[in-house]
Amino acid sequence: MKKILKVLVIAVAAVFLLLQFTNPARTNPPVKSDLIASLNPPAPVAASLVAACYDCHSYQTKWPWYAHVAPVSWLVVKDTNDGRDALNFSEWPTNDPDTAADQLDGMSKKITYNKMPPAKYTAIHVDARLTAEQRKALTDWLDAAADKLKSSAK
Ligand code: HEC
């Protein structure tokens, strides 16, 4: 019985070690144009965006240690790649005010309805938990910035 247990532990450890060769690439390509640099929000709003959104929606991801450990790394890298595909603050459409305004509106909605940042993220990232005041500051600024861009696009 003891021997079976020993073989089992070694087998599980071996599989875990082999899995580490499957870690996907954790990229941070160069920032093309940054949302904060381009729109210059007040410092508290910028801080909330960085704390709650930038890990998944920019090329300035702070990869946590568990992003280096399969199988968790598969999930973290996929989420980040999906987040960047959907909305990317490092490829901010500075020269396209209509698109930028649409993206700001979308962000405001996701924050208002508590869809972003995702609960699985705030469960781990305490500093990404936004208070009601932080949410309001964010959505007020997002809405005003979107309106400004829309009127400049006309
Ligand atoms: C854990 C990673 C993660 C974090 C943190 C995160 N998002 Fe997302 N976000 C995603 C993923 C993945 C998608 C694409 C799938 C979906 O819509 O759920 C997405 C989609 C979106 C979309 C929809 C884009 C579109 O047009 O399809 C918006 C808007 C958005 N996020 C805003 C935000 C904002 C604002 C924050 C910060 C308050 C934030 N997200 C934080 C992962 C994240």
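Whatever order the structure lists them in is the order used to number ligands and atoms, beginning at 1. If you read the sequence from its start, that first residue is 1, and numbering goes on from there.
- A salt bridge links Lys150 with Asp105; the closest basic N to acidic carboxylate O contact falls under 4.0 Å.
- Of all non-hydrogen atoms in Leu142 and Met107, the two that sit nearest each other are CD2-CE, 3.8 Å.
- Donor-acceptor pairing under 3.5 Å is lacking for the side chains of Tyr59 and Asp34.
- For Pro118, every heavy-atom contact with ligand 1 shorter than 4.0 Å involves the side chain, none the backbone.
- Scanning all protein heavy atoms for the shortest distance to atom 23 (C) of ligand 1 gives Lys110 CE, 3.6 Å.
- Within the listing of ligand 1, atoms 29 (C) sit less than 4.0 angstrom from a heavy atom of Gly106.
- Against a heavy-atom cut-off of under 4.0 Å, Leu87 is close to the following atoms of ligand 1: 28 (C), 29 (C), 30 (C), 32 (C).
- Take atom 8 (Fe) of ligand 1 as the corner point: the lines to SD of Met116 and to NE2 of His57 open at 170°, to the nearest 10 degrees.
- Taking every heavy atom of Ala52 and a limit of under 4.0 angstrom, the matching atoms of ligand 1 come to 5 (C), 37 (C), 38 (C), 41 (C).
- Aromatic ring orientation, His125 versus Tyr121: parallel (interplanar angle below 30°, classes split at 30° and 60°).
- For atom 38 (C) of ligand 1, the closest non-hydrogen atom on the protein side is Cys53 SG, 2.6 Å.
- The protein non-hydrogen atom at the shortest distance from atom 11 (C) of ligand 1 is Gly83 CA, 3.6 Å.
- At a distance under 4.0 Å, no protein heavy atom can be found next to atom 15 (C) of ligand 1.
- Less than 4.0 angstrom separates some heavy atom of Cys56 from each of these atoms of ligand 1: 1 (C), 2 (C), 3 (C), 4 (C), 5 (C), 42 (C), 43 (C).
- Although no hydrogens or angles enter the test, the distance criterion places a donor-acceptor pair under 3.5 Å between the side chain of Thr61 and the main chain of Asp55.
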